[in-house]
Amino acid sequence: MRMSRSILNDRIIKIIRQVPEGRVATYGQIAVYAGNRGAARQVSWVLHSSSDKENLPWHRIVNSSGRISLKPQRGYELQKSLLQAEGVFFDEDDRIDLEKYGWNPL
DNA sequence: TTACTGACCTTTT
DNA sequence: AAAAAGGCCAGTA
């Protein structure tokens with residue numbers, strides 16, 4: 001039985017909203033907390049389709065290697081500057097230390 | 001209904 | 001370390 005679309009999407013949105021300032025979460029992490037382990041791709045779709053409409057902190061979502069998934073000239077620079085403005089540090093390989101900045105819900 | 005797509009992930013080369 | 005392969009999900013044509 002497949003899950004109704006609005007439930008999964010609403011959960012994804014709700015969880016993204018919980019990521020605090022100065023922290024980041026991965027797509028897969030969001031998917032797991034939304035109750036669907038393999039829905040990482042859906043997370044990206046939700047962000048793409050309604051990050052603006054739902055007023056989501058889209059910039060706090062990065063991929064599992066701690067890097068920004070957006071391509072240069074396609075939002076990458078904006079996301080990076082938004083994160084840096086929140087105090088997130090990027091190392092020389094342009095990576096974020098997930099152990100330190102990764103969101104760990106309580 | 002099938003085929004393709006996207007801001008992905010994990011395992012295996 | 002880096003790249004390829006296979007998997008997974010829902011929306012759109």
Please determine, for the side chain of [X], which listed nucleotide ([options]) has the closest atom?
| X | options | result |
| --- | --- | --- |
| A/Leu8 | C/dG11, C/dC9, B/dC8 | C/dC9 |
| A/Gln42 | B/dC8, B/dG6, B/dA7 | B/dG6 |
| A/Trp45 | C/dG11, B/dT10, B/dA7 | C/dG11 |
| A/Asn36 | B/dC9, C/dC9, B/dA7 | C/dC9 |

Distance in angstrom units between [X] [atom1] and [N] [atom2], rounded:
| X | N | atom1 | atom2 | value |
| --- | --- | --- | --- | --- |
| A/Asp52 | B/dA7 | CG | C1' | 15 Å |
| A/Ile30 | B/dG6 | CD1 | C1' | 17 Å |
| A/Asp93 | C/dA1 | CG | P | 9 Å |
| A/Arg11 | C/dC9 | CZ | P | 15 Å |
| A/Arg74 | B/dG6 | CZ | C1' | 11 Å |
| A/Tyr27 | C/dG7 | OH | P | 23 Å |
| A/Ile12 | B/dC8 | CD1 | C1' | 12 Å |
| A/Arg41 | B/dG6 | CZ | C1' | 6 Å |

Can any side-chain N or O of [X] pair as donor or acceptor with the backbone N or O of [Y] at less than 3.5 Å?
| X | Y | value |
| --- | --- | --- |
| A/Asn63 | A/Ser65 | yes |
| A/Arg37 | A/Val32 | no |
| A/Gln79 | A/Ile61 | yes |

Think A/His48 has a side-chain N or O under 4.0 angstrom from the OP1 or OP2 of B/dG6? no

Would you please confirm or rule out a distance under 4.0 Å between OP1 or OP2 of B/dC8 and any side-chain N or O of A/Ser64?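 Looking at the OP1 and OP2 atoms of B/dC8, neither is under 4.0 Å from any side-chain N or O of A/Ser64.
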
A/Arg17, CZ: over 12 other non-hydrogen atoms inside 6.0 angstrom: yes

If the C1' atom of B/dG6 is compared with that of C/dG7, how far apart are they to the nearest Å? 15 Å

Does the structure show a Watson-Crick or G-U wobble partner for C/dA1, both distances under 3.5 Å? Name it, or say none.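 Matched C/dA1 with nothing under the 3.5 Å cut-off.
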
As an exercise, state the distance from CG of A/Leu83 to CZ of A/Arg60, rounded to the nearest 0.5 Å.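 Answer for the CG-CZ pair, A/Leu83 versus A/Arg60, is 8.5 Å.
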
Comparing A/Ala39 and A/Arg67 on DNA chain C - which has the more 5′ nearest nucleotide: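 That would be A/Arg67.
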
